[in-house]
Chemist: 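Here it is, the structure, as structure tokens.
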Amino acid sequence: MKPVSGFSPDFQWGVATSAFQIEGATGEDGRGVSTWDTFCREPGRIRDGHNADVACDHYHRWPEDLDLIAGLGARAYRFSIAWPRVQPSGSGPVNAKGLDFYDRLVDGLAERGLAAAPTLYHWDLPQPLEDAGGWMNRDTAARFAEYAAIVAERLADRVELWITLNEPMVVMAYGYAFGVFAPGQALMLGALPTAHHQLLGHGLAVSALRDAGARRIAIANNHTPAQAASDRPEDLAAAEAFDNLLNWQFTDPILRGVYPDLGVPLPHVRDGDLDTIAAPIDVLGVNYYSPVGVAAPSEGDALPFAMTDVPGVPVTGMGWPVVPDALRRVLLTLRERYGAALPPIQITESGCSYDESLEDQHRIDYLDAHVGAVRAAVEEGVDVRGYYVWSLLDNFEWAEGYHPRFGLVHVDYETQARTPRASYRWYRDLIGSGGVRGGGQAGAAP
Ligand code: IFM
């Protein structure tokens, strides 16, 4: 294949956020309760008892936030739609005020020349659906498709890219297998039906979105490549089991119509489900943060792997290993694994948390190296068409509350003042140069 030089002129440079992490206003305008509202109320679940009742108050401050995105010269904004705002019970009646909010937001993006890339489900499941079994219940997949149709019927004329689910792996693993995210269930391998039902919901939603006139559809999967702790066969087998359970489980059914070897039977998979899940998509969204070290499990462990450190590399403020080249390798591996079945890729999340500082050279270095890894993959022929920094703003980082700071823009949670960091200016300059100018230095303040 002929090498391609750098990013295309229409490359989608963007930023990403999610509803629960920034909106606040959890009790306003008829919004229903989500699993994360419930989880935040359970003692000991969230660091220092933080909750997202106010978060970044984006529900009221969205015009200022869209101005910040426009100020970057970005082309696209990836945000999420809160299912409990649109359908407070997760099924049945629509809350008009909830849908109106996203209608205004999408119009606000168009006024600023920004493409809208909404995610339909970024973890805030309506609590009534969880009470009926959540993603363990196959019926949730059908409810998701109905909700997708409701939203698309209203917004499809102005949405550039629909993203069905955000990181179904995290919902399965952290929400239902390990119990550290909502809804806090620790089912270990018993959580596998939640992966299948999310994927089924994705497939059903693809069809509902197309019927409602959606132009382009994606899913945002995170890829956390396993790095075996050693060359011992046990560690290599554990790394393969990790990759199958946490990475390929979420792309093989969509792009190949089969599950990888998960090591256990899947009695919840019914005839025809895999055909539904394998409905063609237009873009594969890849969220990438870091690899993970993986070693053989100890005797009697519930899982076929144990997670360990990645030795000898720097870490972010969250302690996540910084390995930009692993992103390049993820992209090359995707191309190798799926060949012609791989649609164009967009990096739907890439970013890091560090301290509160406004002169965030660590973040600039991180982003510069990861954009460089994407550039290298593009030059090796991988079709990557977008890159969204996680995140525009500091926000509610799930079980870690407000402690981690992921924003290009600092948020003072007392005053809600937004202050662009050095990384904001760096990203603005990078976008302005079409992705050519990186070099790890921030430009001058606006
Ligand atoms: O904040 C999250 C986001 O909601 C999903 N992807 C990873 C981010 C950082 O942890």
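Each ligand, and each atom within it, is numbered from 1 in the order the structure gives.
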Chemist: Does the distance from a Lys or Arg side-chain N to an Asp or Glu carboxylate O, for Arg31 and Asp29, drop under 4.0 Å?
Modeler: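 Not counted as a salt bridge, because no side-chain N and carboxylate O are separated by less than 4.0 Å.
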Chemist: Apply side-chain hydrogen bond (donor to acceptor under 3.5 Å, both in side chains) to His362 and list each qualifying residue two or more places apart in sequence or on a separate chain.
Modeler: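 None.
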Chemist: Using the side-chain contact (heavy atoms from CB on, under 4.5 Å) rule, take Leu200 and Arg138 through it: C-alpha gap first, then chi angles, then the decisive distance, then the call.
Modeler: CA-CA 8 Å; Leu200 186 62; Arg138 183 180 171 95; 3.7 Å; yes
Chemist: At a 4.0 angstrom heavy-atom cut-off, what protein residues surround ligand 1?
Modeler: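 For ligand 1, the residues that come within the 4.0 Å heavy-atom cutoff are Gln21, His122, Trp123, Asn166, Glu167, Tyr289, Trp320, Glu349, Trp390, Glu397, Trp398, Phe406.
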Chemist: Would you please name every residue forming a salt bridge (Lys or Arg N to Asp or Glu O under 4.0 Å) with Glu240, sequence neighbours left out?
Modeler: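 Partners of Glu240 under the salt bridge (Lys or Arg N to Asp or Glu O under 4.0 Å) test: none.
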Chemist: Suppose we screen for side-chain hydrogen bond (donor to acceptor under 3.5 Å, both in side chains). Which residues come up paired with Ser391, at least two apart in sequence or across chains?
Modeler: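 side-chain hydrogen bond (donor to acceptor under 3.5 Å, both in side chains) list for Ser391, sorted by chain: Asn395.
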Chemist: Should the ring pair Tyr121 and Trp83 be called parallel, tilted or perpendicular, given that the plane angle runs from 0 to 90° and is split at 30 and 60?
Modeler: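 Tyr121 vs Trp83 ring planes: perpendicular.
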